[in-house]
Protein chains: 2
Amino acid sequence: MVTIKDIAKLANVSHTTVSRALNNSPYIKEPTKRRILEIASQLNYTPNYNAKNLVMQKSHTIGLFFTSISNGTSPIFLADTIKGVNSVIGQEFNLFVRGIDDYDNFSSINNMRFDGIILMSQSEVDNTFIYHVMQKKIPLVVLNREIQEQGLINLLSNDEVGARQAVEHLIAKGHKDIALIEGKKGFKSAQARKDGYMAALIENGLLIHKEYQVEGHYDMQSGYTAMNQLLDLNRPPTAVFCSNDDMAIGAMNAVFARGLKVPDDVSIVGFDDIGFAQYTTPRLTTVKRPVEKISIEGAKRLLFAISKAPAQSVKLYENTSLIIRDSVKDLKEEKR
Amino acid sequence: MVTIKDIAKLANVSHTTVSRALNNSPYIKEPTKRRILEIASQLNYTPNYNAKNLVMQKSHTIGLFFTSISNGTSPIFLADTIKGVNSVIGQEFNLFVRGIDDYDNFSSINNMRFDGIILMSQSEVDNTFIYHVMQKKIPLVVLNREIQEQGLINLLSNDEVGARQAVEHLIAKGHKDIALIEGKKGFKSAQARKDGYMAALIENGLLIHKEYQVEGHYDMQSGYTAMNQLLDLNRPPTAVFCSNDDMAIGAMNAVFARGLKVPDDVSIVGFDDIGFAQYTTPRLTTVKRPVEKISIEGAKRLLFAISKAPAQSVKLYENTSLIIRDSVKDLKEEKR
DNA sequence: CTGTTAGCGCATTCAA
DNA sequence: TTGAATGCGCTAACAG
């Protein structure tokens, strides 16, 4: 490994001067600087970040954390987030990706190791992690889940509104018996989407049936099971709002398995707009969530907080958008 | 930040002794060690890894690289790989994730920063990266693409055999006019699957039609386009082998869009066995690739290479498996 | 503008 | 078994 001392020797200067040249300090003459830089590049010098970080009390790394990498996080969600963050941070930063549940204690999460942390939060169990990070004074961006705490940047997708719009869309199409397949218990997103569903029903004066709200776990299998449960009812719903697309697809297949049709017999709406939603048969009407957008925005703000401003409280909602495709039937049209 | 010196003061010993206690050296009396450890935990001490790494010439980070994070890598592929690696490496390691195309030069990729590197390689353009890493003597595991070089660990999925089996399955069902929708140009996997397709045709004495081999890019849209191209032929194929599931699903929809049916009018086989393959209508027959398995095995071997043995040459193939579902028609059955 | 000196937090000689 | 001294590679304060 070539160090600044090696360069210093060849350039006949002190290693301090080399350091200055490398960090383009103003206190150096242009010619000497050029000479040093030339030697450095010829020697193929790369700084030792461990040494640099040690003295500068920095780490040059951004930590991207999920509630869990392997549990309940859909591949698309994971990928979109990483893509978003990755596209923003430059070469000079390390990007570390891990699940909170990979740690049994957070002692290794400190400001020596992380210049900043982005948390894609999916559950309240993340709170102890959040407190830990804040207490360590590490700049923090929390994505996807609302945090009341001050002193952090909080970027959210407006799931409740999105869910409400989806259900209102069903109502507008003449549906009255609208069921809900819920998301994974304990996930804030599950609650938000349920809230939106309820709000739409209530505001439109529709009855709320307990048996129309069935449990799900955000995976296809649970959507399949839940839909079967709904179809077994004496009075099955005419439309089902699924808390994510994976479950919507599972639900669709449960319908097909009984020889029924979507949307003729049951209308279905999903949530997320995963890539496949437009390739199901029929194409799935769903709510698009701005995951990548949020990740990008979050990364940008974190970088800014690290380099320029001290941590400030920010809360920002990015809107979802209803993507209307073919999985919802217009009951009004039928009556004509 | 509390350092070993702080502990030393409180324990009335030298910082050297503290260091020994923390790293359970044999040269320390059990009682003193216990006392020091007690104080350390009360002070909530965590080692400064920058300092530790600096003196030990280590980094405690594993680099997981993709050819590209944002380009041509499917979400499931990305997620499965990360999940696999993540599940193996312990808390004491950082998991660094980036795309090779995020770098315009590799000067920052050195053994100070990475204890070891796992590359999920998807294209020959990765070769310069591989050479760089090997030249820097960083323990390296290359996944997914065959590398001739000595001195690295190379874990592969046997795509060619998998593709051959898939096509042989079609042939066994009586198909003779079998088309291929190819993968992204330049990706080794695309070539391997094509080779398997060709091998199956040749070994079974079937004719090879140039117009039965159409280009694709591993995404659904290109599968859709390619299938349309095939259906426009004077003599359309009775079966199509798609180089991945995304394209297979796109292809299916192209068939549907013409009012035709799968598998009645066209049989389709995919590759990858992504989660949705079992929820398409009809359920997709496909080849399951051991992505997560390879990632897990790769991570284990890398960890071993880092801690125990010096880098040795290993090449290992994990088998794919044909998952038979409902998207292939048995032409022989029809004849009866 | 440049060099000398010191020190970041830690592991590792060498003596005791 | 313990401690004093040294250095990993780098930046920063200070003096010139």
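Naming convention: chains lettered A, B, ... in sequence-line order (proteins, then strands); numbering from 1 in each chain.
Proximity of Thr17(B) to the phosphate of dG3(D): a side-chain N or O atom is located under 4.0 Å from OP1 or OP2. Side-chain nitrogen and oxygen atoms of Thr32(B) include at least one within less than 4.0 Å of the OP1 or OP2 phosphate oxygen of dT2(D).
Phe65(A) and Tyr103(A) have tilted rings, their planes meeting at an angle from 30° to 60° on a 0 to 90° scale.
Here dG9(D) presents its P atom at 16 Å from CZ of Arg113(B), a figure rounded to the nearest Å. Rounded to whole Å, the distance from CG on Asn110(B) to P on dC10(D) is 11 Å. Atom P of nucleotide dA4(D) and atom NZ of Lys5(B) are separated by 12 Å, given to the nearest angstrom. The NZ atom of Lys52(B) sits 19 Å away from the C1' atom of dG9(D) (whole-angstrom rounding). With rounding to whole Å, Asn24(B) atom CG is found 14 Å from dT1(D) atom P. When the P atom of dC10(D) is taken as reference, atom CG of Leu54(B) falls 9 Å away, rounded to whole Å. Regarding Leu22(A), its CG atom lies at a distance of 11 Å from the C1' atom of dC10(D), rounded to whole Å.
Taking for each of Met112(A) and Asn12(A) the nucleotide of DNA chain C with the nearest heavy atom, the 5'-most of the two is the partner of Asn12(A). In terms of position on DNA chain D, the residue among Asn48(A) and Val13(B) whose nearest nucleotide sits closer to the 5' end is Val13(B).
Of the possible donor and acceptor atoms, none in the side chain of Asp115(A) sits under 3.5 Å from a partner among the backbone N and O of Ile62(A). In terms of modelled atom types and a separation under 3.5 Å, the side chain of Asp6(B) and the main chain of Thr3(B) share a donor-acceptor contact.
Tyr45(B) comes within 4.0 angstrom of the backbone, heavy atoms only, and of no base. Using a 4.0 Å heavy-atom criterion, one finds that Asn23(B) contacts the sugar-phosphate atoms exclusively. If you check every strand for non-hydrogen atoms under 4.0 Å, Ile28(A) touches sugar and phosphate atoms only. Across all strands shown, Pro26(B) has no heavy atoms under 4.0 Å from either base or sugar-phosphate atoms.
Protein chain A touches strand DNA chain C; the 5'-most and 3'-most nucleotides with an atom under 4.0 angstrom of its non-hydrogen atoms are dC1(C) to dG9(C).
Dense packing is recorded around NZ of Lys315(A), with more than 12 heavy atoms of other residues, nucleotides or ligands lying under 6.0 Å away.
Using a 4.5 Å heavy-atom cutoff, the side chains of Arg34(A) and Glu30(A) are in contact. Taking the side chain as every heavy atom from C-beta outward, Phe66(B) and Thr81(B) approach each other to under 4.5 Å. Here the side chains of Leu152(B) and Ile130(B) are in contact, with some heavy-atom distance below 4.5 Å.
Using a 4.0 Å cut-off between charged side-chain N and carboxylate O, Glu297(B) and Arg301(B) make a salt bridge.
Partners of Asn53(A) under the side-chain contact (heavy atoms from CB on, under 4.5 Å) rule, at least two apart in sequence or in another chain, are Tyr49(A), Lys58(A), His60(A), Asn50(B). Shown here are the ring-ring contact (aromatic ring centres under 6.0 Å, His included) partners of His15(A), two or more places apart in sequence or in another chain: there are none. Contacts of Leu37(A) classified as side-chain contact (heavy atoms from CB on, under 4.5 Å), with partners at least two apart in sequence or in another chain: Ala21(A), Leu22(A), Lys33(A).
Fit an axis to the five pairs at each end of the helix from dC1(C)-dG16(D) to dA16(C)-dT1(D) and the two axes sit 40° apart, to the nearest 10 degrees.
Using modelled atom types, one finds a donor on one side chain and an acceptor on the other under 3.5 Å when comparing Asp126(B) with Ser121(B).
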Is there any protein nitrogen or oxygen under 3.5 Å from a nitrogen or oxygen in nucleotides 12-15 of chain D, and what are the pairs?
| from | atom 1 | to | atom 2 | distance (Å) |
| --- | --- | --- | --- | --- |
| dA12(D) | N6 | Thr16(A) | OG1 | 3.0 |

